[in-house]
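Below, chain A is the first sequence line, B the second, and so on; all start at residue 1.
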There are 2 protein chains.
Amino acid sequence: MRFSMPRKLSPLDPQRLDNQICFAVYSAAHAFNRVYKPLLDRLGLTYPQYLVMLVLWERDDVPVRDIGERLFLDSGTLTPLLKRLEAAHLVKRTRSSEDERQVLIALTPQGHALKEKARAVPQSILAASDCSVSELVAMKDEIVALRDRLNAVIGE
Amino acid sequence: MRFSMPRKLSPLDPQRLDNQICFAVYSAAHAFNRVYKPLLDRLGLTYPQYLVMLVLWERDDVPVRDIGERLFLDSGTLTPLLKRLEAAHLVKRTRSSEDERQVLIALTPQGHALKEKARAVPQSILAASDCSVSELVAMKDEIVALRDRLNAVIGE
DNA sequence: TCACATTTAATTGTTCGCAATTGAATGTAC
DNA sequence: GTACATTCAATTGCGAACAATTAAATGTGA
């Protein structure tokens, strides 16, 4: 009987941290968050709040549910976050008259105005990425495709 | 004087949510987390706890600081997490006798044993990714390179 | 109409993640 | 060898993230 190699030493060990794409994604997400932090501090936003604002700058007066579907977040996350945005006078929460179950989220004038102040953010991120736009777009598309395959599995 | 196109309609608008690689990474990280959840529930671990166990399965009896450097996490995150792993009898926390500032984290026999039970996890993730190993490795390397460039900017 | 299911947000409780601070141990300069 | 700075983990406080539950509004079927 032969001894097997200790798996720990194999560079291809699927249990090694550095071989896991999930950790690459996880740690990259945190790295992005740290780069965004000082930029968003000036706007008075956290990163998840910035994502909500991006959604609303495209179209506002939408129910909480629409924002959640766009960002893959549920009401347990969004309700308190939106209340903080309301406290910051960036959005207004109004219960829909047509369907009293829905709460519609609309931008305030300050909320709209913040879009202009936020325009410099994406280019700062691009600079920090130290990478061509075409490379970033290609990576983004690959990551989105992977995300969508993962989400498809969850729905089973 | 001409009117400019409303930026909102441009598919290349850098302020559009779907054009941002950071959101791709952010949402992919959450998708991974949701795929991992049922697998790790059986092991009694959360995803960040699983990452700590991966580090310790490679080498244990290491200070908290080493785990933090490996995972890009600080003591504010790790201290309570490690206390929960200790409460689950997976690790033991001991203050170093050579340097009383350090707390060394060692696996218990149950902590070591869990590695075998966790061996099926990476292949389940691979299956959910619905992607060839070589493609995943290529993506992982790109994402790690991006993460490291972002982290380099933070240190400035 | 009336029972029942579905939809929608809000709520509660647990766990991350990080900034900022604290306190103890260690290292360094003079 | 005594000030001073540095290192390390722990702590506090706040904002996500999500599971599970609740409550109200709406939809559906008999």
Between [atom2] of [N] and [atom1] of [X], the distance in whole Å:
X         : N       : atom1 : atom2 : result
Leu71(A)  : dC18(D) : CG    : P     : 11 Å
Arg65(A)  : dA10(C) : CZ    : C1'   : 15 Å
Gln102(A) : dT26(D) : CD    : P     : 10 Å
Ile67(A)  : dT8(C)  : CD1   : C1'   : 13 Å
Arg84(A)  : dA10(C) : CZ    : C1'   : 14 Å
Glu98(A)  : dA25(D) : CD    : C1'   : 14 Å
Arg101(B) : dA10(D) : CZ    : P     : 14 Å
Leu73(A)  : dA9(C)  : CG    : P     : 13 Å

remark   = Only one of Arg70(A), Arg147(A), Lys140(A) passes salt bridge (Lys or Arg N to Asp or Glu O under 4.0 Å) with Asp18(B), and that residue is Arg70(A)

NE2 (His112(B)) with more than 12 external heavy atoms under 6.0 Å = yes

ask   = So with a 6.0 Å cut-off around CZ of Arg34(A), is the heavy-atom count from everything else above 12?
value = yes

inquiry  = Of the listed nucleotides (dA10(D), dC18(C), dA25(D)), which one gets closest to any side-chain atom of Val103(B)?
reply    = dA10(D)

query = Does a side-chain N or O from Arg93(A) land closer than 4.0 Å to OP1 or OP2 of dA10(C), or not?
reply = yes

request  = Please state whether the phosphate of dG15(D), meaning OP1 or OP2, lies under 4.0 angstrom from any side-chain nitrogen or oxygen of Lys83(A).
outcome  = no

message = Counting C-beta onward and ignoring hydrogens, is there a side-chain heavy-atom pair between Ser129(A) and Leu136(A) closer than 4.5 Å?
response = yes

Return the minimal non-hydrogen interatomic distance between [X] and [Y], and the atom names on each side.
X         : Y         : result
Val91(B)  : Leu82(B)  : CG2-O, 3.9 Å
Leu126(B) : Cys131(B) : CD1-O, 3.9 Å
Tyr47(A)  : Phe23(B)  : OH-N, 3.5 Å

ask   = Any donor-acceptor pair under 3.5 Å between the side chain of Ser75(B) and the base of dA10(D)?
value = yes

remark   = Symbol by symbol from the 5' end, with Watson-Crick or G-U pairs under 3.5 Å, [ ] crossing and | another strand, DNA chain D is ||||||||||||||||||||||||||||||

task = Name the nucleic acid region contacted by Leu78(B), choosing base, sugar-phosphate or nothing; use a 4.0 angstrom heavy-atom cut-off, strictly under.
result = nothing

key: Rounded distance [0.5 Å steps], CD1 in Ile143(A) versus CD in Glu142(B)   = 8.0 Å

request  = Name the residue closer to the 5' end of DNA chain C, choosing between Glu100(B) and Thr79(A) according to the nucleotide with the nearest heavy atom.
outcome  = Thr79(A)

query = Should Glu86(B) and Arg93(B) be marked as a salt bridge (charged side-chain N to carboxylate O under 4.0 Å, His left out) after you check the CA-CA gap, both sets of side-chain angles, and the distance that decides it?
reply = CA-CA 7 Å; Glu86(B) 187 175 46; Arg93(B) 300 160 61 251; 3.2 Å; yes

request  = For Leu82(B) and for Pro80(A), find the nucleotide of DNA chain D with the closest heavy atom, then tell me which residue's nucleotide is more 5'.
outcome  = Leu82(B)

query = Would you call the rings of Tyr36(A) and Phe32(A) parallel, tilted or perpendicular if under 30° counts as parallel and over 60° as perpendicular?
reply = tilted

task = Using heavy atoms and a sub-4.0 Å distance, could you list which residues of residues 33-54 of chain A are near DNA chain D? By number, please.
result = Thr46(A), Pro48(A), Gln49(A)

